[in-house]
Amino acid sequence: MEGNDAEGVIKLESFQSAWNYGKALLETPCRLVDRVTGRSMDEVELKEVKKRSEHEMKKTLTWWDLIWFGMGSVIGSGIFVLTGFEVKNHVGPGVVLSYVISGISAMLSVFCYTEFAVEIPVAGGSFAYLRVELGDFVAFIASGNILLEYVIGGAAVARSWTSYFATLCNQPSDKFLIQVHGLAADYSQLDPIAVVVLVVIGFFAVFSTKGSSRFNYIASIVHVIVLIFIIVAGLTKAEAKNYSDFLPFGPRGIFQASAVLFFAYVGFDAVSTMAEETKNPGRDIPIGLIGSMACTTFLYCMLSVTLCLMQKFSDVDENAAFSVAFEAVGMSWAKYIVAFGALKGMTSVLLVGAVGQARYLTHIARTHLLPPWLAKVNERTGTPIYATVVMLSATAIVAFFTSLDILANLLSISTLFLFSLVALALLVRRYCARGVATQLNVVKFIVCIILIVGSSVASAVYWANTTKWVGYTIMVPLWFVGTVGIWLLVPLTKKPKIWGVPLVPFLPSASIGINIFLLGSLDKASFRRFGVWTAILLVYYLFVGLHASYDMAKIQKKQRLEAKTESKLDEENVAPSVTGSGTNNEDHI
């Protein structure tokens with residue numbers, strides 16, 4: 001029997017016996033169709049799903065907290081670790097254009113996230129948004145990849161933390177790594193310090209969201225001061241001749257570097273998962289998300305310009321670019337300030353990541369796609385302790401074994417894939433509202449989306465396989481036709497209540513195009529790893545997640561019918577007794 005037992009624990013019919021599970025597996029095709037086509041609703045995510053955590057998260061955050069959470073979540077190891085490698089091997093001084101392109105792509109995604117976070121302020125972030133607009137199946141596959149992003153991103157930052165700690169101790173960057181020759185080359189340098197750092201971060205994350213916020217913005221303020229020092233001190237040693245060869249690797253290098261440097265912008269989506277703990281989501285989230293991304297993009301561009309003016313691109317160090325650049329211009333003492341600033345920044349990234357990823361996992365567990373005990377919110381701290389511990393444990397294991405270059409490429413592919421889906425979901429939300437959009441308009445919308453996505457994928461594949469430019473004269477116009485087609489031929493069916501993305505459908509469509517195009521610049525090994533992980537998610541979904549989700553949908557439907565029946569009975573019982581005064585009538589109403 002499905003439903004709630006005496007203790008309020010939801011029992012899922014498919015998993016109550018081997019017979020039930022076998023029967024559920026036989027119904028997999030029908031259930032899959034139901035879950036692929038089924039979509040959640042705003043009020044379900046905001047009320048019914050949220051109740052399954054037993055206790056409410058505390059609403060303690062303001063726009064000020066979100067701005068520093070945003071900057072703290074983004075400005076970490078990316079700018080310090082990846083910039084040098086890309087400058088020396090792929091783009092040269094033109095790296096500033098790579099940061100601009102990645103920043104534009106990130107900002108477009110920020111706009112999409114902001115509208116969703118204001119309209120659906122829950123801990124699930126992109127999982128909840130996709131579940132409402134693209135359905136249960138797409139939401140789970142995408143959320144599985146974003147969980148991978150959180151784990152890999154945290155692991156990459158934790159390993160970078162160890163490298164810069166070694167620099168601060170005046171030691172080689174790999175000094176504290178343990179070499180194990182029996183393991184594969186990319187997994188043979190063990191990092192115990194990264195594990196210790198993640199454990200300490202975990203204590204902060206489970207103790208208090210507001211306490212984590214205070215620690216974060218103090219650390220972030222110190223970090224920004226250090227970044228400003230790097231820019232000012234570095235520009236005093238600038239030489240214009242270092243900019244004479246602006247694009248030594250040609251225009252392709254700009255986009256190749258952009259795809260990897262997108263890693264430096266990853267993390268802002270963690271802020272959207274804090275919407276449930278924000279006092280005034282309609283005001284605070286737009287200011288927090290957009291403000292933090294604008295500041296971050298400006299700082300990244302200034303830092304990259306400073307680096308390339310200080311040193312010729314061919315002399316830039318791949319691993320510790322800024323520290324070595326200051327040594328090269330006779331300011332060796334400054335490398336310790338750089339290392340200190342990097343450590344402060346990475347500590348903030350790890351803390352915000354730990355807070356955000358736990359809330360993401362919590363909301364997925366609320367839907368029973370993952371074990372429901374992960375959704376529990378501690379009554380005293382108001383934080384999801386179990387989810388925090390599980391995510392940080394997985395991050396620590398990956399950080400202990402895996403090298404940074406493997407992590408960075410795999411992270412970018414998961415992020416770009418997810419951001420494309422969120423932009424698509426926003427278009428669906430605006431133009432295909434249930435019960436409003438006509439069948440003809442839905443067909444026109446689908447045709448336009450096929451043009452947008454198809455031309456973007458074709459551009460990415462073309463970029464990855466040839467250096468010619470002729471193909472873009474066909475693909476870019478097709479993207480434009482698809483976007484203008486939505487604008488002219490498909491009427492809006494839903495407008496945002498509080499805050500909305502401007503220039504729809506152009507901004508979300510541009511986000512889809514840029515994100516997919518950047519995917520074409522990543523290596524094939526990253527796509528293979530991405531494919532393997534997605535296949536694992538698909539297997540889990542078909543054998544576990546699908547049936548849990550299907551059963552939950554049945555329970556919710558049954559509960560709604562019972563609630564409607566009780567409401568009708570109450571109205572029938574009240575109606576005959578309304579014979580008293582006008583005051584009684586108003587009370588009943």
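Numbering of residues begins at 1 and proceeds along the displayed sequence. Worth knowing before you read on, the calculation uses all heavy atoms, side chains too, and leaves out hydrogens, waters and symmetry mates.
With no hydrogens or angles considered, a side-chain donor-acceptor pair links K444 and N441 at under 3.5 Å.
Note that NE2 of H547 and CG of D551 are 9.0 Å apart. Values are rounded to the nearest 0.5 Å. To the nearest 0.5 Å, the span separating CD1 on I152 from CG on L147 amounts to 11.0 Å. A distance of 8.5 Å separates OG in S109 from CD1 in I514, rounded to the nearest 0.5 Å. In this structure, OG in S509 is found 6.5 Å from CG in L427, a value given to the nearest 0.5 Å.
The minimum heavy-atom distance between L392 and G202, with the atom names listed, is CD1-CA, 3.2 Å. For the pair W479 and F506, the tightest heavy-atom approach, listed with the atom from each and the gap, is CZ2-O, 4.5 Å. Closest heavy-atom contact between L66 and G288: CB-CA, 3.9 Å. Nearest heavy atom pair, residue V390 against residue W373, reads CG2-CH2, 4.0 Å. Taking each heavy atom of F15 and A548 in turn, the nearest pair found is CE1-N, 3.7 Å. Looking at every heavy atom in both residues, N515 comes nearest to S105 through OD1-OG, 2.6 Å.
Ring-plane geometry between Y540 and F140 is classed as parallel, the angle between the planes falling under 30 degrees on a 0 to 90 degree scale with a further cut at 60.
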* Asked: Passes side chain to side chain contact (heavy atoms under 4.5 Å, CB included), F111 versus I290? Steps please.
  -> CA-CA 7 Å; F111 276 116; I290 297 172; 3.7 Å; yes
* Asked: Which is it for R131 and S549 under the side chain to side chain donor-acceptor pair (under 3.5 Å) test, yes or no, and what are the steps along the way?
  -> CA-CA 11 Å; R131 192 163 178 260; S549 176; 5.2 Å; no
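Y360 contributes a side-chain N or O that, together with a main-chain N or O of F127, makes up a donor-acceptor pair within less than 3.5 Å. A distance-only check finds no donor-acceptor pair linking the side chain of N145 to the backbone of A142 [under 3.5 Å]. The backbone N or O of V151 lies less than 3.5 Å from no partner atom in the side chain of Q357, so there is not a single donor-acceptor pair. With hydrogens and angles ignored, the 3.5 Å screen pairs no side-chain donor or acceptor of S511 with any backbone N or O of L507. In this structure, the side chain of S102 engages the main chain of S258 through a donor-acceptor pair within 3.5 Å. Panel note: side chain Y265, backbone M107; no donor-acceptor pair is recorded below 3.5 Å. Distance alone, capped at 3.5 Å, places no donor-acceptor pair between the T493 side chain and the A437 backbone. For R429 (side chain) and F116 (main-chain N/O), no donor-acceptor pair under 3.5 Å exists by modelled atom type. With hydrogens and angles ignored, the 3.5 Å screen pairs a side-chain donor or acceptor of T367 with a backbone N or O of I364.
Counting heavy atoms from C-beta outward, T278 and P121 have side chains that stay 4.5 Å or more apart. Put simply, the side chain of V118 does not reach to within 4.5 Å of the side chain of P496, judged on heavy atoms. Side-chain contact between V457 and L519 is absent, with no heavy-atom pair separated by less than 4.5 Å.
Within a 6.0 Å radius of OH in Y386, no more than 12 heavy atoms belonging to other residues, nucleotides or ligands are found.
Ionic pairing of R430 and E115 is present here: one or more N-O contacts between side-chain nitrogen and carboxylate oxygen are shorter than 4.0 angstrom.
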